[in-house]
Each structure stands twice: as C-alpha cells, then as structure tokens.
Amino acid sequence: MTIEIPLLILLVMTAAGAMLVKDLISSVFILGSYSFALSLVWALLGAVDVAFVEAVVGAGLATVFFLLTLFRTTEKDDVIRRPPVPWAAIIGLPLLGLLLLYGAGDLPAFGDVSSPASTHISPYYLENSVAQTRTPNVVTAVLMDYRSFDTFIETIVIFTAGIACALILRKGGE
Amino acid sequence: MIQPHDSAIVRSLGHVVIPIAQLFGAYVLVFGQHGPGGGFVGGVVIAASMIMAILIFGVDSADSTLARKILHGDGLGLLLFGGVGGLCLIGGGQFLNYSFLQIPGLDEASQHYAGILLTQIGVAMDVAVTGVSIAVSLSFEEDEISQDEVKDA
C-alpha cells in the first residue's frame with residue numbers, strides 16, 4: 001500500500017511531462033520512463049508477463065523507434081502551437097472523470113473470486129493447463145494453446161507492420 | 001545508413017553487452033513455458049540486441065552480419081507458426097489443435113508442449129525480424145539511392 005501512491009504519482013507526472021515538454025527527445029525519454037513505471041504497476045498487480053512486455057517494448061524498443069524517427073525528422077517542436085484550452089473541456093472533462101469514478105464504484109474488488117472474469121472460463125484454464133499442456137506458466141498456455149488463433153492473427157499483424165514500414169520508408173532500395 | 005559509433009567505450013561495451021542480450025533473449029524464449037516471458041518478449045530482446053549492433057557498429061560492419069542476414073527472413077516465423085497449424089490439419093484435426101500434431105513417442109500433453117514451443121519460436125522469429133526491419137527502414141536515408149546511382153555512373 002505504501003508503494004502504490006508514489007508509483008501512481010510518478011505515473012501521472014511522467015505522462016503529463018511527456019506531453020508538456022517541448023524538446024521531443026526529452027519527451028521520448030520521459031515516455032520511456034512512463035512505460036517503466038507502468039511495468040512496475042503491472043508487476044505489483046501480479047501480471048508479470050505483461051510487466052515484462054511493457055518494460056521491453058514500451059521502455060526499450062518503442063524508445064529506439066521514436067528516436068530513429070526523430071533523427072529522420074526534427075528534434076524540436078517549433079511548429080506546433082498549443083491553442084488555449086476551451087471552456088467546454090475545462091468543465092466537461094472533470095464531469096467525465098466524476099462519471100468514470102461513479103462507474104468504477106460498481107466494479108468487483110481486485111482478486112474477487114465471484115467476479116465474472118474469474119468465474120467464466122479462467123478456472124478451467126487454471127485447473128487443466130498443467131495436465132493438458134505440461135506448461136506451468138498458465139499465461140503462455142492460454143496464449144499459445146487455448147487462444148492460439150488470436151496469437152496467430154497478432155503475428156500476422158506484426159508481420160504486416162514490418163512489411164508496410166519497409167514499403168513506405170525504403171523507397172527504391174533493395 | 002547509420003554510421004559506426006566513434007567512442008571506444010561504446011564499441012567495447014557493445015562487444016560485451018550484445019552477446020549477453022542475445023543469450024538472455026534465447027533464455028526468455030525457451031523458458032517462457034516455465035516462467036514469465038515467451039515468444040514475443042524473447043523476440044523483442046533478440047531484436048533489441050541486433051538493433052544495438054546496428055547502432056553501434058553500423059549496418060555494413062562484420063559485427064552486424066546476423067542483423068543484415070535476418071532481414072531476408074521476413075515471414076519465416078509466420079511460416080513456422082502456420083506450418084505447425086498445417087501439420088495439425090495433416091494429422092487429422094483442426095488448425096492449431098496440437099493434440100493432432102503427429103510426433104512419434106510423445107503423449108498428448110507433450111505434443112501440446114512441443115506445439116507451444118514451436119509456435120513460440122515462430123512468434124520470436126517474426127518479432128525479431130520485424131523489429132530489425134523497422135529499425136533499418138527508419139534509418140534508411142533518401143539520398144542514399146542517389147549516392148548509389150553516382151557510384152554506378
């Protein structure tokens with residue numbers, strides 16, 4: 001409990017800083033530290049696989065891609081002028097936040113065994129995955145065996161992203 | 001294209017860090033069934049190590065030969081993933097139902113284990129190739145084509 005509040009403050013501060021900083025390279029690095037703080041939150045919630053992906057992709061690979069993009073374009077945000085915030089947003093966004101908080105009151109508690117998420121199909125996975133697949137990590141068993149169609153389509157999406165980048169950026173190359 | 005880095009510190013550190021990163025990526029990939037990790041993360045770590053080689057030593061150096069060669073492997077990982085699914089079809093079952101993966105000498109649970117391992121390697125190959133490919137595409141400069149044309153002429 002003591003670590004959650006500083007982590008949340010760090011998360012909000014890095015998210016705001018990434019948007020407010022004018023130097024784009026600093027913005028990219030602040031975004032990387034935001035991803036790292038988010039991965040700490042995932043690890044705190046027990047989702048170690050998600051934390052691993054967030055740390056490696058968000059803080060590592062995405063930062064490198066952003067930096068390479070900045071080297072191709074421009075490093076300073078001189079052109080974009082931020083317009084003054086309209087009154088509708090100042091009044092409307094806190095009301096939206098209140099609405100979300102009101103809705104969050106009805107969510108099941110964290111780790112509730114009788115919530116819909118933990119009664120529908122996840123007990124089956126937890127009980128049978130080791131016997132059926134010899135895979136102690138249930139997340140891998142679900143991703144690669146029970147839900148392998150989803151993972152297959154995701155792999156196609158990644159492949160398409162690589163092909164599209166090569167087609168757009170490597171003009172006239174090999 | 002990216003030029004090799006000038007600093008001796010960076011270059012000698014690269015010789016130490018890149019093999020460790022590749023070993024760690026392979027470990028995460030293979031150990032994904034017993035701990036956190038798996039094909040996606042392992043592939044990203046391997047891709048990051050090869051991007052590091054490109055950024056430190058340049059694309060044309062001998063130290064980034066693996067990164068240059070892997071660019072020709074677009075779609076091999078997807079082929080491995082789909083190929084395992086096709087083998088399940090040939091074995092008489094549904095697409096990606098590893099119970100019908102006909103590997104002699106294995107019971108049904110071990111067939112699922114082998115299927116998960118093979119598809120994870122497929123995902124890792126796909127992710128690693130895509131990561132390196134995007135990094136090379138982003139560092140591709142437009143005047144390079146004209147330089148090549150000048151060389152030809």
Side-chain angles (χ1 to χ4, degrees), chain A residues 43 47-57 60-73 128-141 143-149 151-152 154-174, chain B residues 2 28 31-45 47-48 51-52 55 71 74-75 77-78 81-82 84-85 95-99 107-113 115-117 119-120 122-123 126-127 129-142 144-145 148-149:
Chain A
V48 191
D49 284 86
V50 186
F52 209 160
V53 173
E54 183 70 46
V56 167
V57 177
L61 204 61
T63 309
V64 175
F65 286 164
F66 276 132
L67 282 180
L68 286 173
T69 315
L70 284 185
F71 290 149
R72 267 179 76 104
T73 52
N128 294 312
S129 69
V130 174
Q132 283 179 350
T133 65
R134 296 237 169 105
T135 303
N137 186 358
V138 189
V139 178
T140 305
L143 275 180
M144 285 297 170
D145 197 336
Y146 298 107
R147 289 274 172 268
S148 50
F149 259 69
T151 314
F152 187 59
E154 273 169 30
T155 316
I156 293 177
V157 169
I158 296 169
F159 172 70
T160 315
I163 294 292
C165 269
L167 282 178
I168 293 170
L169 295 169
R170 285 192 241 169
K171 279 177 193 157
E174 45 180 322
Chain B
I2 297 171
V28 167
F31 199 66
Q33 281 161 295
H34 300 272
F40 188 77
V41 186
V44 171
V45 173
I51 291 171
M52 203 148 58
L55 290 181
L71 283 177
D74 255 348
L78 199 59
F81 202 149
V84 172
F95 188 67
L96 288 172
N97 185 350
Y98 307 138
S99 298
D107 58 334
E108 195 176 328
S110 298
Q111 284 173 0
H112 277 267
Y113 189 91
I116 292 175
L117 189 62
T119 47
Q120 273 195 329
V123 172
D126 192 68
V127 171
V129 172
T130 306
V132 176
S133 165
I134 291 179
V136 170
S137 303
L138 282 175
S139 60
F140 203 86
E141 283 161 21
E142 280 160 23
E144 190 173 338
I145 306 155
D148 286 348
E149 281 167 1

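Proteins come first, then strands; the chains are lettered A, B, ... in the order of their sequence lines, and each starts at number 1. In this text the structure is predicted, and so the values were computed from the model without any measurement.
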(request) Go through A:Val48, A:Ile163, A:Thr155 and name the one with the most non-hydrogen pairs under 4.5 angstrom from chain B. (result) A:Thr155

(message) Using a 4.5 angstrom heavy-atom cutoff, name the option from B:Ala47, B:Gly38, B:Gly115, B:Gly75 with the most pairs to chain A.
(response) B:Gly75

(request) Starting at CG of B:Asn97, measure out to CG of A:Asp145 and round the result to the nearest 0.5 Å. (result) 8.0 Å

(message) What I'd like to find out is whether the side chain of A:Phe152 reaches to under 4.5 Å of the side chain of B:Leu78, using heavy atoms alone.
(response) yes

(request) Pick one of side chain, backbone, both or neither for A:Tyr146, based on which atoms fall under 4.5 Å of a heavy atom in chain B. (result) neither

(message) Is B:Ser110 close to chain A through its backbone or its side chain, or both, or neither, when contacts mean heavy atoms under 4.5 Å?
(response) both

(request) Looking only at non-hydrogen atoms, find the nearest pair between B:Tyr98 and A:Ser148 and report the distance. (result) OH-CB, 3.8 Å

(message) Which atoms of A:Val64 are under 4.5 Å from chain B, going by heavy atoms: the side chain, the backbone, both sets, or neither?
(response) side chain

(message) If you compare all heavy atoms of A:Ile158 against all heavy atoms of B:Thr130, which two are closest, and at what distance to 0.1 Å?
(response) O-CG2, 3.3 Å

(message) Quick check for you: to the nearest 0.5 Å, what is the distance between B:Glu108 atom CD and A:Thr133 atom OG1?
(response) 11.0 Å

(message) Restricting to non-hydrogen atoms, name the atom on B:Ser137 and the atom on A:Ala166 that form the minimum distance, rounded to 0.1 Å.
(response) OG-CA, 3.6 Å

(message) Let me confirm one number: the OG-CG distance from B:Ser139 to A:Leu169, rounded to the nearest 0.5 Å.
(response) 9.5 Å

(message) Does any backbone or side-chain atom of A:Ile156 lie under 4.5 Å from a heavy atom of chain B? Answer side chain, backbone, both or neither.
(response) both

(message) Is B:Val132 close to chain A through its backbone or its side chain, or both, or neither, when contacts mean heavy atoms under 4.5 Å?
(response) neither

(message) Can you tell me which portion of A:Ala131 sits under 4.5 Å from chain B's heavy atoms? Options are side chain, backbone, both or neither.
(response) backbone

(request) Begin from the C-alpha positions of A:Thr151 and B:Thr119 and carry the test side chain to side chain contact (heavy atoms under 4.5 Å, CB included) through to its verdict. (result) CA-CA 9 Å; A:Thr151 314; B:Thr119 47; over 6 Å; no

(request) Using non-hydrogen atoms and a 4.5 Å limit, figure out which bit of A:Phe159 sits close to chain B: side chain, backbone, both or neither. (result) both

(message) Measuring only between side-chain heavy atoms, which start at C-beta, is B:Asp107 closer than 4.5 Å to A:Arg134?
(response) yes

(request) For B:Pro36 and A:Asp49, work out which heavy atoms get closest and say how close. (result) CA-OD2, 3.7 Å

(message) Is there a side-chain contact between B:Gln120 and A:Met144 in this structure, where contact means two heavy atoms from C-beta onward sitting under 4.5 Å apart?
(response) yes

(request) With a 4.5 angstrom heavy-atom cut-off, could you sort out which part of B:Phe40 is near chain A: side chain, backbone, both or neither? (result) side chain

(request) With a 4.5 angstrom heavy-atom cut-off, could you sort out which part of A:Leu61 is near chain B: side chain, backbone, both or neither? (result) side chain

(message) Give me the atom names and distance for the closest heavy-atom approach of B:Ile116 to A:Thr135.
(response) CD1-OG1, 3.5 Å

(message) Could you report the tightest heavy-atom contact between A:Asn137 and B:Gly35, atom names first, then the distance?
(response) ND2-O, 2.6 Å

(request) Quick one: which of B:Gly131, B:Ala48, B:Gly32 has the most heavy-atom pairs under 4.5 Å with chain A, could you say? (result) B:Gly32

